[in-house]
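This report refers to the structure that appears directly beneath it.
This one's a predicted model, so the numbers in the text were calculated from it and none came from an experiment.
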Amino acid sequence: DAKTTQPNSMESNEEEPVHLPCNHSTISGTDYIHWYRQLPSQGPEYVIHGLTSNVNNRMASLAIAEDRKSSTLILHRATLRDAAVYYCILRGGGADGLTFGKGTHLIIQP
Amino acid sequence: NAGVTQTPKFQVLKTGQSMTLQCAQDMNHEYMSWYRQDPGMGLRLIHYSVGAGITDQGEVPNGYNVSRSTTEDFPLRLLSAAPSQTSVYFCASSPEGGRMRNQPQHFGDGTRLSIL
């Protein structure tokens, strides 16, 4: 799977929107962009995924650049419960699992 | 709605001991996998299975064995535990192994394993 680059950490205030960036300049045309998050002492949790168009679900929105070389996970109104490590992962074909980097540690201030 | 269940949640072993980490899912998922997560790191794939009777190695398979006799269960065996295997182990599943590009994986809450 192609490599992604994320900031090590970000900080935001409660009840404000959060934009988490991810660069993936070597993405292939068939790679899906997945986001997972991992709360302290828990397993990773699926957040959202997309291919070309922007996506929305109950947890977040995913904005994908037109050239697909970057994407942004948007939490519309952060809560303290959103404090976690967020992973941006590209999924191509094949069954060999997810490739996790170090992700972005999101800190939410009350 | 159990999802992916891992047992035990915590375990301490002595070097050289063997043990089996259990993973069960009740979603009839074909694909199951095991990851390990070391402090401050992302997850690394140990072994995976695309269906009952089929397993394959991931990135870090040495020291671990798996089998998949049923769709529901995917146990991970440590044959002779070493301190380097101290880690948090996560099991995951998803509906179909071969077409995973657009399918999310479901993770268990992990087994925290310490090898003394």
Should Val60(B) and Trp34(B) be counted in the same cluster of Ile, Leu, Val, Met, Phe, Trp and Tyr side chains packed under 4.5 Å apart? yes
Query raised in the report: Within a strict 4.5 Å, meaning less than it, do heavy atoms of the Tyr35(B) and Phe100(A) side chains meet?
Result: yes
The reported gap from CD1 in Ile33(A) to CG in Asn102(B) (rounded to nearest 0.5 angstrom) is 13.0 Å
Fill in: Heavy atoms of other groups near Asp67(A) CG, more than 12 under 6.0 Å
yes
Pair Phe107(B), Tyr36(A) - check side chain to side chain contact (heavy atoms under 4.5 Å, CB included), show working. CA-CA 10 Å; Phe107(B) 285 82; Tyr36(A) 286 77; 3.9 Å; yes
So, the part of Gln37(B) with a heavy atom under 4.5 Å from chain A: the answer is side chain
Between Gln105(B) and Leu98(A) the two heavy atoms that sit nearest each other are NE2-CG, 3.6 Å
* **Shared hydrophobic cluster, Ile46(B) / Phe74(B) (ILVMFWY, side-chain heavy atoms < 4.5 Å)** => yes
In terms of heavy-atom pairs under 4.5 Å with chain A, the winner among Val4(B), Asp56(B), Leu43(B) is Leu43(B)
**Message:** Please determine whether residues Leu76(B) and Tyr31(B) belong to a single hydrophobic cluster, defined as Ile, Leu, Val, Met, Phe, Trp and Tyr linked transitively by side-chain heavy-atom distances below 4.5 Å.
**Reply:** no
Note: vs chain B, highest number of non-hydrogen pairs under 4.5 angstrom among Lys102(A), Glu45(A), Gln38(A), Gln42(A) is Gln38(A)
* same_hphob_cluster(Val55(A), Ile27(A)) at 4.5 Å side-chain heavy-atom cutoff -> yes
ask   = With hydrophobic residues grouped by side-chain heavy-atom distances under 4.5 Å, do Ile89(A) and Tyr32(A) end up in a single group?
value = no
Counting heavy-atom pairs under 4.5 angstrom with chain B, the leader among Pro44(A), Gly50(A), Gly103(A) is Pro44(A)
So, the part of Arg44(B) with a heavy atom under 4.5 Å from chain A: the answer is neither
